[in-house]
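Working notes, beginning with the structure itself.
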Amino acid sequence: MDLELQPLSLPGISDTRPTVIAGPCSAETEEQVMNTALQLAKNGIKIFRAGIWKPRTKPGGFEGVGETGLPWLSEVKRETGMLTATEVATAHHVELTLKHGIDILWIGARTTANPFAVQEIADALKGTDVPILIKNPVNPDLDLWMGALERINGAGLKRLGVIHRGFSTYEKKLYRNTPMWHIPIELKRRIPNLPVFGDPSHISGRRDLIAPLCQQAMDLGFDGLIIESHCNPDEAWSDAKQQVVPDILDFILSKLIIRSTAAGTESLTTLRKHIDELDNDLIEVLTKRMKISREIAEYKKQHNMTVVQNTRYNEIIDKRGAHGMLNGMSGDFIKSVFEAIHEESVRQQLEVINKE
Ligand code: PEP
Ligand code: MN
C-alpha cells in the first residue's frame, strides 16, 4: 500500500542542521521540566520531548507522572516557544495530549509491536492532522513497522515520520538495542519521502555512544535526531545512563558533520560508471558459469550421476573462501556468495536432467 504523506514541516536547528527533538526521558517534576527546557531553548533546540506515560518492562519502575505533567509541557511552549512532543500508547493518552495542545506525538517501540494498540490510537486520531512519529517495533520486523504507518495513515493522518531506536536482543552487547541499520535503510528505500529520525539514546543506552551514533544517522541521510537530555542525568528517574545535560548535547550537535545527500560530484559519477561496468562483467561471467554447469548436467545425465556431489561442493566453498579472504573480503561473505551461485547452478542442472 502506498502512503499518502505530507511534509512534517518541523523546524530544524538551522537551515543547514537536522531537526532535533530533545528533552528528558520522563517529565518528573515541573522544576526539572522547566529547567531542562530553558537550557535546551537557550542552545537553539526547537522541539522539546518528555515522556508523560512510561511503558516499563517490569512493574515497580517509574511509570510517568501522567496527566499532571501535561500542563508543564504547555508551560514549556509558552515560556520558550519550543514545540512539544510526547509518547502516546492508548486512545485516552491521545485525547488528553490533544486537549493540552501537545504538538507532536510519538508511538513507542512496545506499542508499535501491537497492532490492536496502534489501531486504537489511529481511531482516536481521526480528524486531526497532528504529526505522528512511529518508533520501530522492539522486534526487527519491517512489515510490522510499515503496518503501523499504514494504520495511522489509513485514519487520515499524513504528517508522518519514523524513529529508529534499535531492536531488542536476548543477549545485551555493546548497545542496549542493536541498530540493524539495514532495516531503516530498507524502509527509506521503500518510502523515500518518509522522514527518519535517529534515536541514539535508546540505541546505545549509554551517553558516551550518543555522538558517534548521531554522526552515523547523519551519514546515512537520516532527517533528524531525537535525543534524551536532562538537567541532572545521574538523578533521572528513568534511563539515567543515557541522558546528557543540554550543554553536552549542544557540543555533540556542534561537532556533527552534515554531508550533502545530493547526487555526487564528477569523480563520483565516474566511479559509479566503473561499478556499473563491473556489475555487467559479473553478470556475464555468471552467465558463462551457468552455461558450463548445464553442460556438466548433460554429462551427469548421460552417466546417470547425482546432481550434487558433496566433496566438490565443499571444495568450492573452502577454496573460494580462502581466495576471497586473501583479497580482503570476509570469509562469510564469500561463503554466502558461492552458496547462492551453487544453489542457482543446482537449479539449472536439475532442469537439464529432468528435461525429457
Ligand atoms: C522513550 O522514548 O523514552 C521510550 C520509551 O522509547 P522506546 O519506545 O524507544 O523504548
Ligand atoms: Mn527513555
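Every number for a ligand or one of its atoms is a count from 1 in the order of the listing.
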query: Quick one: does Lys135 get an N or O within less than 3.5 Å of an N or O on ligand 1?
result: yes
Under 3.5 Å: donor-acceptor pair, side chain of Lys158, backbone of Glu4: no
task: Say whether, by atom type as modelled, one donor and one acceptor occur between the side chain of Thr97 and the main chain of His93 under 3.5 angstrom.
output: yes
message: Give the atom numbers and elements of ligand 1 that come within less than 4.0 Å of a heavy atom of Arg165.
response: 7 (P), 9 (O), 10 (O)
- prompt: Taking only heavy atoms of Glu87, which atoms of ligand 1 are found under 4.0 Å from at least one of them?
  reply: 4 (C), 5 (C)
task: Output yes when a side-chain donor or acceptor of Lys46 lies under 3.5 Å from a complementary backbone atom of Leu10, and no otherwise.
output: no
task: Check step by step if salt bridge (Lys or Arg N to Asp or Glu O under 4.0 Å) holds for Glu186 and Arg189.
output: CA-CA 5 Å; Glu186 172 61 12; Arg189 194 188 64 77; 2.9 Å; yes
- prompt: What atoms of ligand 1 come within less than 4.0 Å of a heavy atom belonging to Gly108?
  reply: 8 (O)
Angle, OE2 of Glu228 through the Mn ion (ligand 2) to NE2 of His202 - 10° precision: 90°
message: Within the 4.0 Å heavy-atom shell around Arg49, which atoms of ligand 1 are there?
response: 1 (C), 2 (O), 3 (O)
- prompt: Does Asp103 come within less than 4.0 Å of Arg159, counting only side-chain N to carboxylate O?
  reply: no
message: Quick check for you: with the Mn ion (ligand 2) as the vertex, what angle do SG of Cys25 and OD2 of Asp239 span, to 10°?
response: 100°
message: Test your reading of the structure: does Cys25 have an N or O sitting under 3.5 Å from an N or O of ligand 1?
response: no
- prompt: Any Lys/Arg nitrogen of Lys54 or Asp239 sitting under 4.0 Å from an Asp/Glu carboxylate oxygen of the other?
  reply: no
- prompt: Counting both backbone and side chain atoms, is some N or O of Asp239 under 3.5 Å from an N or O of ligand 1?
  reply: no
statement: The atoms of ligand 1 lying under 4.0 Å from a heavy atom of Arg110, numbered in the order shown, are 7 (P), 8 (O), 10 (O)
message: Taking side-chain contact (heavy atoms from CB on, under 4.5 Å) as the criterion, tell me which of Ile163, Ile121, Asn114 meets it with Ile107.
response: Ile121
- request: Give the residue and atom name of whichever protein heavy atom lies nearest to atom 4 (C) of ligand 1, and the separation in Å to one decimal.
  value: His202 NE2, 3.5 Å
- prompt: Looking at Arg49 and Asp199, does any basic side-chain N land under 4.0 Å from a carboxylate oxygen?
  reply: no
- prompt: Do the charged groups of Arg272 and Asp279 touch, with an N to O distance under 4.0 Å?
  reply: no
- prompt: atom 8 (O) of ligand 1: which protein heavy atom is closest, and how many Å away?
  reply: Ala109 N, 2.9 Å
task: Examine Lys54 against ligand 1 and note whether any of their N/O atoms are separated by less than 3.5 Å.
output: yes
task: May I ask whether Gly51 has any heavy atom positioned less than 4.0 angstrom from an atom of ligand 1?
output: no
